[in-house]
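This report concerns only the one structure given below.
No hydrogens, no waters, no symmetry mates; every other heavy atom, side chains included, goes into these values. Model, not experiment: these values are computed from the prediction. A, B, ... follow the sequence lines: proteins, then strands. Residue 1 opens every chain.
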There are 2 protein chains.
Amino acid sequence: MGITKTQIFNTRQNELAVIFKVLSNPARIAILQYISTQKACICNDIVDEIGLAQPTISQHLKELKSIDLIQGEIDGKKVCYCINLKKWKEIQKLLNSFFDKTKFNCC
Amino acid sequence: MGITKTQIFNTRQNELAVIFKVLSNPARIAILQYISTQKACICNDIVDEIGLAQPTISQHLKELKSIDLIQGEIDGKKVCYCINLKKWKEIQKLLNSFFDKTKFNCC
DNA sequence: TTTTATAATCGTAATATTGCAATATATAAA
DNA sequence: TTTATATATTGCAATATTACGATTATAAAA
């Protein structure tokens, strides 16, 4: 088939899967790391920094935005991308909760 | 194209992406949660528990095994799947390190 | 207004993922 | 040995993802 059967899982499970999916690409990991190291709100040097074409980067940024992990502020003809600190910490907490709640009663 | 350009990213970035990819499916999340709630080393009631066909579950288990997140011990004609506690904690630490190292100097 | 620069969107090719039926394998029970 | 049960593997159809060229939209600069 090719389509994930989200209907048979609960909201939390699907939510976790979506977050993990957004993070499941090295380009998006690299973009997040790069954005976070910039002192000023540096924008599409991302294209120069990462070795991918501009439409590709733009698409990855869109996916990161889809879960609010980053925000883009328009600054003239440039767009300034920043990590959404609130969401970032929220997600970290959510993932830790997943890892902590999974118990090891077995073997 | 359709292929991720892993060559242009570093080992850590690719490693993180692979871990996130394995976790990026609600069936695999559900399997991990189910395995972890079982007191005894219960095996493939997983198929009955999750609403997916046996070959599909088998494939998901294989992917979870690919990063050593679970282990399967053969017990007669059954196989007993358990979470690999060591790896589990290792991955949690790795993800936290990723989340912690990402700074917020921006906006 | 025209040009230039920046970033988003569209369309598409290559490849990956999801899920399942059919089949294979392996072990236990009869 | 035969049969039944549990799990893995194979092959395939449907769909998703990745990447990029071409194009479009927007705004600053000339």
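A donor-acceptor contact under 3.5 Å is formed by the side chain of B:Q54 with the base of D:dA8.
Residue-level contact check: B:S58 touches the bases, meaning some heavy atom is under 4.0 Å from a base atom. Across all strands shown, B:I57 has no heavy atoms under 4.0 Å from either base or sugar-phosphate atoms.
The side chain of B:T56 places an N or O atom within less than 4.0 Å of a non-bridging phosphate oxygen (OP1 or OP2) of C:dC20. The side chain of A:N25 places an N or O atom within less than 4.0 Å of a non-bridging phosphate oxygen (OP1 or OP2) of D:dT18. Taking only side-chain nitrogens and oxygens, A:H60 comes nearer than 4.0 Å to OP1 or OP2 of D:dA19. Residue A:Y81 has a polar side-chain atom (N or O) positioned under 4.0 Å from OP1 or OP2 of C:dA8. Regarding contacts with the backbone of D:dC20, a side-chain N or O of B:K5 is found under 4.0 angstrom from either OP1 or OP2.
Inter-residue side-chain proximity for A:I35 and A:L64 is flagged as unmet; no heavy-atom pair is nearer than 4.5 Å.
In terms of heavy atoms, A:V47 sits closest to A:A53 at CG1-C, 4.5 Å.
Listed candidates were D:dC20, D:dA8, C:dT18. Nearest to the side chain of B:V79 is D:dA8. The B:Q59 side chain lies nearest to C:dG19 when the options are C:dG19, D:dA19, D:dT9. Comparing C:dC20, D:dC20, C:dA16 by their closest approach to the side chain of B:A53 singles out C:dC20.
Ring geometry for B:F98 versus A:W88: interplanar angle of 30 to 60°, hence tilted.
Side-chain N or O atoms of B:Q13 include one that pairs as donor or acceptor with a backbone N or O of B:N10 at under 3.5 Å.
When the nearest nucleotides of DNA chain C are assigned to A:K65 and A:F9 by heavy-atom distance, the more 5′-ward of the two goes with A:K65. Mapping B:K77 and A:E63 onto DNA chain D by nearest heavy atom places B:K77 closer to the 5' end of the strand. Taking the nucleotide of DNA chain D with the nearest heavy atom to each of A:K21 and A:P55, the more 5' of the two is matched to A:K21.
Note on A:K87 versus A:E90: salt bridge recorded, some NZ/NE/NH1/NH2 to OD/OE distance being below 4.0 Å.
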